[in-house]
Colleague: 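Submitted below is the structure of interest, expressed as structure tokens.
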Amino acid sequence: MTSQRDRIANLESRVEELDATIRGLTEELVDANQRIRELEAEQESNEVEEAKSEESKDETDDTDEETSGLGDDIIVA
């Protein structure tokens with residue numbers, strides 16, 4: 001009977017260890033998923049800012065081209 005009790009105790013101990021491991025890994029997975037979501041949101045925010053910056057730059061370039069074209073119509077004799 002003692003060997004069976006020892007075996008049961010060992011199995012219960014192993015189950016507790018595995019349960020603790022699963023809880024720890026689950027917590028790490030949740031944290032990793034949260035961090036991934038934060039990084040994706042940050043990346044999307046950066047892409048929007050870059051697009052706005054590029055759009056602003058394009059508008060500035062268009063304005064520069066329009067103002068520099070004013071002198072093209074003058075004929076010097």
Side-chain angles (χ1 to χ4, degrees):
M1 279 283 194
T2 305
S3 65
Q4 190 169 1
R5 286 182 186 167
D6 289 342
R7 186 167 182 233
I8 290 171
N10 287 336
L11 289 173
E12 287 176 346
S13 174
R14 183 72 176 137
V15 167
E16 289 175 6
E17 289 174 11
L18 292 172
D19 188 44
T21 301
I22 289 170
R23 276 187 265 124
L25 290 172
T26 301
E27 186 176 320
E28 286 183 32
L29 181 60
V30 169
D31 290 344
N33 282 335
Q34 181 179 357
R35 182 66 180 139
I36 288 169
R37 284 190 204 105
E38 290 172 358
L39 290 172
E40 287 175 342
E42 185 178 312
Q43 182 179 3
E44 289 174 6
S45 175
N46 287 342
E47 288 174 358
V48 168
E49 289 298 319
E50 287 176 11
K52 286 181 181 178
S53 175
E54 189 66 32
E55 201 173 281
S56 174
K57 181 182 175 209
D58 288 345
E59 289 175 4
T60 303
D61 290 347
D62 290 345
T63 304
D64 290 345
E65 288 175 9
E66 290 172 5
T67 57
S68 65
L70 293 176
D72 293 342
D73 295 338
I74 299 174
I75 299 173
V76 177

Colleague: Between atom CG of Leu11 and atom CG of Asp6, what is the distance when rounded to the nearest 0.5 Å?
Modeller: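 So the CG of Leu11 and the CG of Asp6 are separated by 11.0 Å.
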Colleague: Checking Ser53 side chain against Glu49 main chain: does a donor-acceptor pair fall under 3.5 Å?
Modeller: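 No, the answer is negative, given that no donor and acceptor are paired below the 3.5 Å cut-off.
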Colleague: Hey, mind stepping through Glu38 and Arg35 against salt bridge (Lys or Arg N to Asp or Glu O under 4.0 Å) and telling me if it holds?
Modeller: CA-CA 5 Å; Glu38 290 172 358; Arg35 182 66 180 139; 3.4 Å; yes
Colleague: Within a strict 4.5 Å, meaning less than it, do heavy atoms of the Leu39 and Gln43 side chains meet?
Modeller: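 They are not in contact (no side-chain heavy atoms under 4.5 Å apart), so the answer is no.
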Colleague: Can you tell me how far the CZ atom of Arg23 sits from the CG atom of Leu18, to the nearest 0.5 Å?
Modeller: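 Between Arg23 CZ and Leu18 CG, I get 11.0 Å after rounding to 0.5 Å.
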Colleague: Looking at OG1 of Thr21 and CZ of Arg14, how far apart are the two atoms once the value is rounded to the nearest 0.5 Å?
Modeller: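 It is 7.5 Å, given to the nearest 0.5 Å.
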Colleague: Considering residues, nucleotides and ligands other than Glu17, do more than 12 of their heavy atoms fall under 6.0 Å from its CD?
Modeller: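 Count over threshold, so yes.
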